[in-house]
Amino acid sequence: EILKFLSMLQGSLVIFLGVTALVAVVVGGFVLANLFYLSVAERTVEIGLKRALGAKQRTILLQILVEAVVLTLFGALLGMALGMAMGQLVERLGGLQILFSWKVFFLSLAAGVAIGVVFGLKPARQAAARAEAEKSDLRAQLLAQLNSILQTNDSARGLIVNMSEVLFEKGSHILKTGARGKLAKGS
């Protein structure tokens with residue numbers, strides 16, 4: 001009779017903790033998604049500048065997605081560390097014996113990656129799509145600023161024209177050859 005009661009209690013506890021963990025994961029995922037929506041909104045100019053300089057939509061998408069996954073992996077590791085510390089505390093108080101499980105460790109890391117990908121994908125797609133519109137706006141702003149500088153100062157005009165020719169030549173060479181380190185080396 002007592003074993004039956006303990007078995008039923010353990011089953012109920014597992015279900016309760018499972019539902020609680022699921023709710024925590026979903027809430028954490030929505031918090032992550034909102035955090036990255038805000039991040040994308042604040043970094044609009046940065047993302048537009050990257051696109052204006054030649055970054056592909058895929059690159060922007062991967063950047064935001066990697067940031068989301070790294071953040072959730074860090075959260076999973078921190079959660080495991082806190083859980084192990086609390087387990088040690090309970091064990092020292094004479095409650096239960098808590099054992100470390102590599103299976104649970106890797107499952108939590110996998111869950112962190114899955115949460116980062118699932119809840120970070122929509123903000124990453126939004127950032128990549130928004131970057132296309134920002135790219136053309138940013139180019140227009142830069143050209144307008146350059147044009148105003150060129151109209152007001154003749155010496156600046158010559159300097160900017162020379163610099164833009166060199167940068168255009170180096171940039172097109174780098175884009176053609178794929179040698180990104182060539183510009184930094186000056187060749």
Side-chain angles (χ1 to χ4, degrees), residues 1-135 138 178 180-181 184:
E1 183 99 9
I2 294 174
L3 289 175
K4 184 178 179 183
F5 173 75
L6 288 176
S7 175
M8 189 173 75
L9 180 67
Q10 181 183 9
S12 299
L13 241 148
V14 167
I15 291 172
F16 172 73
L17 291 176
V19 169
T20 304
L22 182 65
V23 168
V25 165
V26 170
V27 169
F30 282 115
V31 167
L32 177 81
N34 285 325
L35 176 76
F36 275 93
Y37 278 127
L38 288 174
S39 173
V40 165
E42 289 178 2
R43 295 165 58 190
T44 302
V45 174
E46 172 198 342
I47 293 168
L49 184 60
K50 286 181 180 183
R51 287 288 293 148
L53 292 174
K56 296 180 180 176
Q57 278 187 334
R58 182 175 179 257
T59 306
I60 303 297
L61 185 129
L62 284 175
Q63 176 191 353
I64 303 295
L65 206 53
V66 165
E67 289 174 8
V69 168
V70 166
L71 187 65
T72 54
L73 277 177
F74 179 72
L77 290 172
L78 185 65
M80 284 292 292
L82 286 173
M84 288 169 47
M86 295 301 286
Q88 291 297 319
L89 180 68
V90 167
E91 189 173 335
R92 288 184 188 195
L93 292 175
L96 298 169
Q97 181 182 6
I98 308 295
L99 299 174
F100 179 79
S101 169
W102 284 104
K103 180 180 175 183
V104 171
F105 178 77
F106 288 117
L107 281 174
S108 70
L109 291 181
V113 170
I115 291 166
V117 169
V118 168
F119 289 98
L121 191 60
K122 191 168 181 183
R125 283 185 176 167
Q126 180 189 18
R130 177 182 282 185
E132 190 63 38
E134 290 298 320
K135 179 176 78 170
L138 192 59
R180 295 189 187 274

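Excluded from the calculations below are hydrogen atoms, water molecules and symmetry mates; all remaining heavy atoms, backbone and side chain alike, are included.
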With Phe106, which residues qualify under ring-ring contact (aromatic ring centres under 6.0 Å, His included), at least two apart? Trp102

Euclidean distance, Ile60 CD1 relative to Gln126 CD, rounded to 0.5 Å: 13.5 Å

Distance-only donor-acceptor hits, side chain of residues 28-38, under 3.5 Å, sequence neighbours excluded:
| unit_1 | atom_1 | unit_2 | atom_2 | d |
| --- | --- | --- | --- | --- |
| Asn34 | ND2 | Phe30 | O | 3.2 |

When every non-hydrogen atom of Ala124 is compared with those of Leu61, the smallest separation belongs to CB-O, 3.6 Å

Under 3.5 Å, sequence neighbours excluded: what are the donor-acceptor pairs made by side chains of residues 66-83?
| unit_1 | atom_1 | unit_2 | atom_2 | d |
| --- | --- | --- | --- | --- |
| Glu67 | OE1 | Arg43 | NH1 | 2.9 |
| Glu67 | OE2 | Arg43 | NH2 | 3.2 |
| Glu67 | OE2 | Gln63 | NE2 | 3.3 |
| Thr72 | OG1 | Ala68 | O | 3.2 |
| Thr72 | OG1 | Val69 | O | 2.9 |
| Thr72 | OG1 | Gly112 | O | 2.6 |

Going by side-chain contact (heavy atoms from CB on, under 4.5 Å), name the residues that satisfy it together with Lys103, two or more places apart in sequence or in a different chain. Ser101, Leu107

Heavy-atom count around Phe16 CZ within 6.0 Å, excluding the residue itself: above 12? no

